[in-house]
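The structure under discussion appears below in the form of structure tokens.
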Amino acid sequence: MIDVGILREQPELLAASLERRGESLDVAELIELDEKRRAVRIEAEEMRARQRDIGKSIASLTGDDKTTAIEEAGRLSARYKERLAEADALDAQFMERWVTIPNLADETAADGFDEEDNVEITRWGTPPAFDFEVRDHVDLGTALGVIDVERATKISGSRFGMLKGKLALLEMAMVRWAMDGLADYGFTPVLPPILVREQALFGTGFFPADRDQVYSVKEDDLYLVGTSEVPLAAMHGDEIFDAADLPLRYAGFSTCFRVEAGTYGKDTRGLFRVHQFDKVEMFSFVHPDRSRDEHDLLLAREEELVRALELPYRVVNVAAGDLGASAAKKYDIEAWFPGQERYREITSTSNTTDYQSRRLKIRFKDEDGKNRLVHTVNGTAITGRALICVVENHQQADGTIVIPEALRPYTGFDVID
RNA sequence: GGAGAGGUGGCCGAGUGGCCGAAGGCGCUCGCCUGCUAAGCGAGUAGGGGGUUACAAGCUCCCUCGAGGGUUCAAAUCCCUCCCUCUCCGCCA
């Protein structure tokens, strides 16, 4: 959610941002609605003030004076309730629309509306040149007995996979490796709840926009998170930090669940896009002046990890029109997938500025003792997708997989064979 | 799942219909005092939304005592629903 002050004082800024995002919205109409709801609220509050004023005198009055005062207060009370209900209805009407407005796009976010418009800003490594027939992770893993999509489908349906043997161990090694590295950088490791309340998803901006991507658990009115960003952000809801507490950095690990609605027929092979995967996520709460730097910092952490895995990649500045609702700016790392012969997203880091903190009420006391909203920044460290990228890039002629040097202390083996 | 207790300001903790957004204590901030990293004295110290204004300060109005409803001229105080925490029992990785 963005600042309502933007609507009142810089509506042209809002309109410009919406246009860059490819969203059409009648800003003038919103302004009118905002003015109306405030006018009605002022009216209501004036009535209430008078009613309370009279109410206070009642205790000390007697006889007719008292009767008259009670009657007058009663009238005002009734009218106040009507007006208040009106004001509340207008507020609800306004907020219903306001919460759907995406964050203001950062001026340095790339122009454009879809993936095609993403701007490459870095490229590292070169796609491996294999002198044998390249196989994708499904063929490799199945042959080695470490990936079993068929049986996963048997028990759960499409878009599920199963890791076994050394590949299962490799994933756990990667998770621990990433966690250790981030802990060294001052990120606090967290294993958060991954069943959360609606409020947590609303507060992080996934609701209402992406409701159809989220699994729900009817029994308890809870939802399965698609990323630990949700609990990591929401855990500090309604809190006020000291300026000295910032930046506050977490590395969360969780299994993630995504409906993948609207992706029928897309990336259907193997473990590339599945309903369930594991992820280590970085999440920072920072001073508003520092969020750009923090965004760069998280990107740097991501690049370090991907390089250590010896995966060729490029970094793209995601087009404004392709940003999620909460992001002002986003960088994706796209790594080379030999099985697909192209670069595909394996990490994503977003500066969500105050979009989430405003909804979640996460603030800090600044130098002047005033409460201000923090900025939040998130970024992927490691996911199951990085795992299959490793498998494909480090395949050998004999179908075995060589473990990247950096992970060997964690796996205890050098090769999956 | 069953039984009980409870949710008040940064923390502890009073407060069963009006003068309570809230005693007192602790903590914190500022000032004073004090020759010794202490004690004492005074003042201040919740959040949110409006109005005024320079998106300042100040002033002012409304809301908030777990959340949401209700009763009443008036609710932290009475009623209802929900949420959460704690203790005990049951079940369980």
Side-chain angles (χ1 to χ4, degrees), chain A residues 1-14 31-96 98-99 104 191 193-203 217-223 231 234-246 254-255 288-289 353-354 357-374:
Chain A
M1 185 160 68
I2 61 178
D3 184 1
V4 182
I6 299 284
L7 179 70
R8 295 171 192 163
E9 286 143 36
Q10 298 172 283
E12 65 289 341
L13 197 72
L14 175 59
I31 291 174
E32 198 180 315
L33 185 55
D34 178 50
E35 280 168 0
K36 189 170 172 200
R37 71 181 181 126
R38 280 191 287 165
V40 172
R41 187 160 295 276
I42 288 166
E43 248 184 272
E45 290 184 353
E46 279 169 355
M47 284 174 194
R48 171 116 251 224
R50 269 167 58 209
Q51 178 226 324
R52 288 186 48 145
D53 222 35
I54 295 169
K56 275 180 192 163
S57 70
I58 287 174
S60 57
L61 294 174
T62 53
D64 285 351
D65 288 347
K66 186 163 189 154
T67 312
T68 311
I70 288 179
E71 280 170 3
E72 175 64 10
R75 268 194 296 277
L76 281 166
S77 171
R79 288 177 58 202
Y80 163 69
K81 275 172 188 158
E82 275 173 37
R83 271 288 185 279
L84 184 68
E86 206 180 316
D88 287 347
L90 285 167
D91 270 358
Q93 204 181 322
F94 176 81
M95 287 311 292
E96 194 185 316
W98 192 246
V99 297
L104 293 175
L191 300 179
I194 53 180
L195 274 170
V196 301
R197 296 191 167 150
E198 181 175 34
Q199 171 56 29
L201 285 153
F202 178 82
V217 177
K218 300 282 180 257
E219 286 72 11
D220 264 338
D221 261 332
L222 294 172
Y223 299 84
M235 72 170 159
H236 284 300
D238 274 314
E239 293 184 21
I240 301 175
F241 298 121
D242 289 328
D245 296 336
L246 306 176
S254 79
T255 297
D289 295 341
T353 63
D354 60 8
S357 61
R358 179 169 290 106
R359 291 187 181 213
L360 290 165
K361 297 193 177 65
I362 305 175
R363 291 157 295 174
F364 73 103
K365 278 208 186 302
D366 72 6
E367 307 69 35
D368 302 324
K370 293 192 65 172
N371 295 335
R372 295 176 60 192
L373 294 168
V374 302

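Just so you know, these numbers come straight off a predicted model, no measurement behind them. In what follows, chains are A, B, ... by sequence order, proteins preceding strands, each numbered from 1.
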Distance, rounded to the nearest Å, where [X] contributes [atom1] and [N] contributes [atom2]:
| X | N | atom1 | atom2 | answer |
| --- | --- | --- | --- | --- |
| A:R37 | B:G51 | CZ | P | 10 Å |
| A:Y80 | B:C62 | OH | P | 9 Å |
| A:I240 | B:C11 | CD1 | C1' | 15 Å |
| A:D65 | B:C73 | CG | P | 18 Å |
| A:D88 | B:C63 | CG | P | 12 Å |
| A:M47 | B:G51 | CE | P | 18 Å |
| A:K361 | B:C63 | NZ | C1' | 13 Å |
| A:D34 | B:C55 | CG | C1' | 14 Å |

For [N], which nucleotide in any strand shown is its Watson-Crick or wobble partner with both distances under 3.5 Å?
| N | answer |
| --- | --- |
| B:C32 | B:G40 |
| B:A54 | none |
| B:A93 | none |
| B:U72 | none |
| B:G17 | none |
| B:A5 | B:U85 |

Closest nucleotide among [options] to the [X] side chain:
| X | options | result |
| --- | --- | --- |
| A:I42 | B:A74, B:C83, B:G50 | B:G50 |
| A:I70 | B:G47, B:G51, B:C73 | B:C73 |
| A:K81 | B:U72, B:G51, B:G47 | B:U72 |

Can you tell me, in whole Å, how much space there is between the [atom1] of [N] and that of [M]?
| N | M | atom1 | result |
| --- | --- | --- | --- |
| B:G1 | B:C92 | P | 15 Å |
| B:A14 | B:A57 | P | 37 Å |
| B:G48 | B:C65 | C1' | 15 Å |
| B:U77 | B:G15 | P | 15 Å |
| B:C26 | B:C20 | P | 22 Å |
| B:U52 | B:U45 | P | 26 Å |
| B:C33 | B:G42 | C1' | 10 Å |
| B:G50 | B:G31 | C1' | 35 Å |

Hey, does [X] reach any base, or is it just sugar-phosphate, or nothing, if we go heavy atoms under 4.0 Å?
| X | value |
| --- | --- |
| A:N371 | sugar-phosphate |
| A:R197 | sugar-phosphate |
| A:G74 | sugar-phosphate |
| A:R8 | sugar-phosphate |
| A:R48 | sugar-phosphate |
| A:Q51 | sugar-phosphate |
| A:K365 | sugar-phosphate |
| A:R83 | nothing |

Take A:I31 and A:R8 through the side-chain contact (heavy atoms from CB on, under 4.5 Å) test and state the conclusion after the steps. CA-CA 7 Å; A:I31 291 174; A:R8 295 171 192 163; over 6 Å; no
RNA chain B: A:A69 or A:K56, which has the more 5' nearest nucleotide? A:K56
Contact nearer the 5' end of RNA chain B, comparing A:D53 with A:V4: A:V4
Using 0.5 Å steps for rounding, measure from the [atom1] atom of [X] to the [atom2] atom of [Y].
| X | Y | atom1 | atom2 | value |
| --- | --- | --- | --- | --- |
| A:R83 | A:E86 | CZ | CD | 5.0 Å |
| A:L76 | A:E46 | CG | CD | 11.5 Å |
| A:I58 | A:D53 | CD1 | CG | 11.0 Å |
| A:D34 | A:M95 | CG | CE | 10.0 Å |
| A:Q10 | A:D3 | CD | CG | 9.0 Å |

Reckon A:S77 has a side-chain N or O less than 4.0 Å from the OP1 or OP2 of B:U72? no
Residue-phosphate contact under 4.0 Å: A:R41 side-chain N/O, B:C62 OP1/OP2: no
Non-neighbouring partners of A:D91 that pass side chain to side chain donor-acceptor pair (under 3.5 Å), sequence neighbours left out: A:R37, A:R41
Closest non-hydrogen atom pair, A:F241 against A:H236: CZ-CG, 3.5 Å
Distance criterion of 3.5 Å, no angle test: do you see the side chain of A:E45 paired donor-to-acceptor with the base of B:G51? no
